[in-house]
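Below is one structure; the comments refer to it alone.
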Amino acid sequence: MDHLLPQSARPATGGHAGPLPAYRALVASGGLQADAAQERAAIKLQDLWERLRGYDPRPAQEPPASGFFGRLLKRRHTEEYMPLGLYLVGEVGRGKSMLMDLFFDVADVPRKQRIHFHKFMQTAHARIHAWKKANPGTADPIPPLADSIAAESALLCFDEFQVNDIADAMILGRLFQALFDRGVVVVATSNTEPDNLFKGQPGRDAFLPFIALLKQRLEVLVMDSARDYRRERMRGLRTWHVPADDFSRRALDKAFETLTGGAPIQPVTLTVMGRDLVVERAADGVARFDFDFLCNTALGAGDYLAIASAFHTVVLDGIPRLSPDNFDQARRFITLVDALYDQHIRLIASADATPDQLYQRGENARMFERTASRLDEMQSLDWLGIHQDDA
Ligand SMILES: Nc1ncnc2c1ncn2[C@@H]1O[C@H](COP(=O)(O)OP(=O)(O)O)[C@@H](O)[C@H]1O
Ligand SMILES: [Mg+2]
């Protein structure tokens with residue numbers, strides 16, 4: 001993300017280029033707080049950055065590339081000489097994505113791509129589908145898929161590597177083996193250690209070789225900073241804006257931008273019981289919704305659970321006053337709050353009343369009391385994980 005990088009972090013011709021000097025410059029300028037785990041990760045990334053300078057493996061049928069790696073690749077033992085990739089794992093807010101982006105921006109590799117892992121897999125399935133359509137029969141789609149990906153990128157940086165989908169699990173092993181065979185180097189961020197990927201899911205046994213492959217090709221680096229920097233961004237943000245007018249909307253725009261560090265807003269497609277749920281506005285684990293979209297349509301508990309497992313923060317515009325007259329909306333809202341509460345998802349909202357005034361008197365008012373109390377708790381500094389003493 002360019003906005004994170006000062007000019008001094010750009011690739012330089014002198015001897016002080018790369019992610020480590022870039023990271024240290026950000027710390028020195030006060031843009032980042034010094035963090036030992038991040039420094040360790042930056043050292044690893046720097047090492048990979050050195051080994052990757054000019055890395056440009058070419059498919060076997062093309063004339064061999066000149067230079068060190070070109071000669072190595074000619075030996076057709078790509079995997080033996082290819083630099084090891086990195087797998088940055090840790091809890092949210094530890095700076096994994098920030099460091100990977102720092103590395104990616106300065107990586108001196110002609111063909112490189114930084115992509116959210118979920119999106120990469122969606123594209124992979126779409127390409128397989130198109131390829132099968134164009135080549136009916138029994139031919140294996142993985143080699144041509146790997147050819148096209150490797151032709152585009154010799155370095156792939158995946159954000160938020162995770163496997164929840166059996167369709168992904170079934171192709172990952174062969175796809176990654178094919179990519180590694182073609183010299184593709186992988187850097188990834190994840191909340192899940194390789195050994196725990198796809199854990200407890202049907203078909204896990206068939207998935208184990210992929211885990212072994214990942215551990216063989218990527219060095220696993222645990223980012224165990226004590227601080228959750230993302231959470232600290234919550235500090236000073238108001239979480240409940242009344243009333244739900246244009247002024248509040250702009251306040252939510254601002255909160256969204258602060259929480260995502262200005263990351264590009266993109267749609268994310270979640271799969272809920274075989275159906276697509278398109279989240280139109282998402283960035284960096286934060287999703288933005290209108291109340292009407294979430295609670296005034298045919299969505300239900302399954303959708304809210306999917307949202308609560310895909311995002312760490314929900315920004316919700318325009319909660320109206322609720323009453324027995326719009327009880328369908330109220331009921332959905334209660335279910336939504338339960339799902340967010342159970343998963344400890346942060347909620348920033350605009351509404352026509354404070355939580356305790358939100359449900360107008362009458363039938364079911366008692367039922368809403370628990371929701372109002374949860375909403376109150378979700379705004380407390382304690383719940384948000386902000387400690388008043390560590391200013
Ligand atoms: N050392 C640091 N000092 C200040 N802010 C940081 C630091 N490390 C990360 N951040 C900020 O904290 C937020 C979370 O970092 P991020 O890289 O998204 O975490 P992760 O990918 O591990 O969940 C980002 O906005 C990032 O810029
Ligand atoms: Mg991240």
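Counting convention: from 1, in listed order, for ligands and their atoms alike. Index from 1, following the sequence.
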Applying salt bridge (charged side-chain N to carboxylate O under 4.0 Å, His left out) to Lys96 and Asp159, what does each step give before you reach the verdict? CA-CA 9 Å; Lys96 304 181 297 292; Asp159 199 27; over 6 Å; no
Query raised in the report: Under the side chain to side chain donor-acceptor pair (under 3.5 Å) criterion, do Tyr359 and Ser323 qualify, and how do the steps go?
Result: CA-CA 5 Å; Tyr359 195 91; Ser323 72; over 6 Å; no
Show the atoms of ligand 1 that are less than 4.0 angstrom away from any heavy atom in [X].
X     : result
Gln38 : 1 (N), 2 (C), 7 (C), 8 (N), 9 (C)
Leu32 : 1 (N), 2 (C), 3 (N), 4 (C), 5 (N), 6 (C), 7 (C)
Gly95 : 9 (C), 15 (O), 16 (P), 17 (O), 19 (O), 20 (P), 22 (O)

Check: What pairs of residues pass the ring pair (Phe, Tyr, Trp, His ring centres under 6.0 Å) test when at least one of them lies in residues 206-235, not counting sequence neighbours?
Finding: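 Every ring pair (Phe, Tyr, Trp, His ring centres under 6.0 Å) pair that includes a residue of residues 206-235, provided the two are not neighbours, is Phe176-Phe210, Phe198-Phe207, Phe207-Phe210.
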| task | Run the contact test for Val92 against ligand 1 with a 4.0 Å cut-off on heavy atoms, strictly below, and give the result. | result | yes
Hey, does Gly90 sit under 4.0 Å from ligand 1 if you only count heavy atoms? no
Under a 4.0 Å threshold between the charged nitrogen and the carboxylate oxygen, would Arg94 count as salt-bridged to Asp35?
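Looking at Asp35 and Arg94, the cut-off is not met.
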Looking at Asp253 and Arg281, does any basic side-chain N land under 4.0 Å from a carboxylate oxygen? no
inquiry  = I'd like to check whether Tyr23 has a polar contact with ligand 1, where a contact means an N/O of the residue lying under 3.5 Å from an N/O of the ligand.
reply    = no
Q) Has ligand 1 got any nitrogen or oxygen that is less than 3.5 angstrom from a nitrogen or oxygen of Gly93? A) yes
Quiz item: Got a sec: is Ser97 within less than 2.8 Å of the Mg ion (ligand 2) via an N/O/S atom?
Solution: yes
Side chains of Asp168 and His118: any donor to acceptor distance under 3.5 Å?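 Side chains of His118 and Asp168: no pair found under 3.5 Å.
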